[in-house]
Amino acid sequence: MSAIRAAKLQLRKSMRQRLLQLSAADLSSQSQLIQAHVLSLPAFQRAQHISIYLSMDSAEAQTYGLVEQALASGKSVYAPRCRGQQMDMVRITDLQDLTPNAWGIPEPGDNEPAVDPSALDFILVPGLAFDKSRNRCGHGKGYYDRYLRQSVNAATCAICLSEQIIDHVPTTEHDLKPQILVSPQGIVSN
């Protein structure tokens with residue numbers, strides 16, 4: 001196993017443990033600050049076709065408020081659907097129409113068509129750890145790194161809790177940086 005891969009595995013393990021210690025109140029307050037920052041982004045305001053990952057109930061910045069805001073403002077909202085090693089984005093119009101996947105995260109059903117990745121103009125990207133250079137350590141499956149290579153027209157924005165920002169994230173040539181990183185403290189962009 002390479003040194004970078006081993007470092008990422010250890011980082012994922014320690015970050016998951018760290019995030020599980022967050023209280024529901026802290027998670028909620030940080031998520032509200034993040035949401036306000038994202039809603040203020042010109043790239044988000046301009047975008048009409050937005051992909052927003054659907055957050056887990058704990059240990060991750062909450063995204064359901066962003067989904068509701070985007071839908072209410074008339075934007076087309078897309079959520080990820082994962083099958084095997086493949087992730088695609090599917091338009092959603094109501095959070096109630098989603099069903100939990102193997103990780104317990106709601107996602108669109110199999111009968112819904114996927115959007116062409118080039119049609120998206122804003123993609124909200126999840127991750128476990130980030131640094132101030134916008135390097136990202138994802139959950140380890142590579143879904144977003146592969147998908148973002150197809151979404152050449154989209155602004156990419158990762159969101160993270162304060163606890164997820166570290167000094168250095170180990171990366172390889174396969175890891176893609178989001179153009180924008182939003183934390184409760186504010187916005188980092190290129």
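Bear in mind that the values here come from a model prediction, so they are computed numbers and not experimental data.
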Original post:
Is there a path from Val67 to Leu39 through hydrophobic residues (I, L, V, M, F, W, Y) whose side chains come within less than 4.5 Å of each other?
Top reply: yes
Subject >> Joint cluster assignment, Ile165 & Met15, ILVMFWY side-chain distance < 4.5 Å >> reply: no
**OP:** Verify side-chain contact (heavy atoms from CB on, under 4.5 Å) between Gln86 and Cys82, making sure each step is shown before the conclusion.
**Re:** CA-CA 6 Å; Gln86 174 79 22; Cys82 299; over 6 Å; no
Original post:
Between the side chains of Ser118 and Asp116, is a donor N or O closer than 3.5 angstrom to an acceptor N or O?
Top reply: yes
**OP:** Given side-chain contact (heavy atoms from CB on, under 4.5 Å), test Val182 with Cys157 step by step and report yes or no.
**Re:** CA-CA 7 Å; Val182 175; Cys157 175; 3.8 Å; yes
Decide yes or no for [X] and [Y]: does some side-chain heavy atom of the first lie under 4.5 Å from some side-chain heavy atom of the second?
| X | Y | result |
| --- | --- | --- |
| Leu128 | Leu19 | yes |
| Leu148 | Val125 | yes |
| Ser183 | Cys160 | yes |
| Ile187 | Leu41 | yes |
| Glu163 | Leu22 | yes |
| Val38 | Ile180 | no |
| Arg146 | His174 | no |
| Lys177 | Ser133 | yes |

Could you check whether any side-chain N or O of [X] sits under 3.5 Å from a backbone N or O of [Y], counting only pairs where one atom can act as donor and the other as acceptor?
| X | Y | result |
| --- | --- | --- |
| Arg12 | Ala7 | no |
| Asp131 | Ile166 | no |
| Lys8 | Ala3 | no |
| Gln30 | Leu161 | no |
| Asp121 | Ala154 | no |
| Asp145 | Asp175 | no |
| Arg134 | Val188 | no |

Subject >> Pair Ser162-Gln185, side chain to side chain donor-acceptor pair (under 3.5 Å): steps then yes or no >> reply: CA-CA 8 Å; Ser162 299; Gln185 290 74 33; 2.7 Å; yes
**OP:** Search all heavy atoms of Ala70 against all heavy atoms of Val77 and return the closest pair with its distance.
**Re:** CB-CG2, 3.6 Å
Original post:
Which pairs count as ring pair (Phe, Tyr, Trp, His ring centres under 6.0 Å) when at least one residue sits in residues 108-140, sequence neighbours excluded?
Top reply: Phe44-Phe122
Nearest 0.5 Å please: distance from the [atom1] atom of [X] over to the [atom2] atom of [Y].
| X | Y | atom1 | atom2 | value |
| --- | --- | --- | --- | --- |
| Glu112 | Glu107 | CD | CD | 12.0 Å |
| Leu120 | Ser151 | CG | OG | 5.5 Å |
| Gln10 | Arg5 | CD | CZ | 14.5 Å |
| Leu176 | Thr156 | CG | OG1 | 8.0 Å |
| Met56 | Leu54 | CE | CG | 11.5 Å |
| Ile159 | Leu33 | CD1 | CG | 12.0 Å |

In chain order, what residues pass the side chain to side chain contact (heavy atoms under 4.5 Å, CB included) check against [X], with sequence neighbours excluded?
| X | result |
| --- | --- |
| Gln32 | Ser28 |
| Asp110 | Arg81, Arg83 |
| Ser55 | Tyr53, Glu60, Gln62, Thr63, Tyr64 |
| Ser23 | Ala25, Asp26 |

Going by atom type alone, with no hydrogens or angles, which donor-acceptor pairs under 3.5 Å involve a side-chain atom of residues 89-98 and a protein atom two or more places apart or on another chain?
from: Arg91; atom 1: NH2; to: Ser76; atom 2: OG; distance (Å): 3.3
from: Asp94; atom 1: OD1; to: Gln96; atom 2: N; distance (Å): 2.8

Subject >> Derivation of the side-chain contact (heavy atoms from CB on, under 4.5 Å) call for Val169 and Arg136 >> reply: CA-CA 6 Å; Val169 171; Arg136 169 185 169 271; 5.8 Å; no
Subject >> Evaluation steps, side-chain contact (heavy atoms from CB on, under 4.5 Å), between Leu124 and Ile50 >> reply: CA-CA 8 Å; Leu124 197 67; Ile50 297 176; 5.9 Å; no
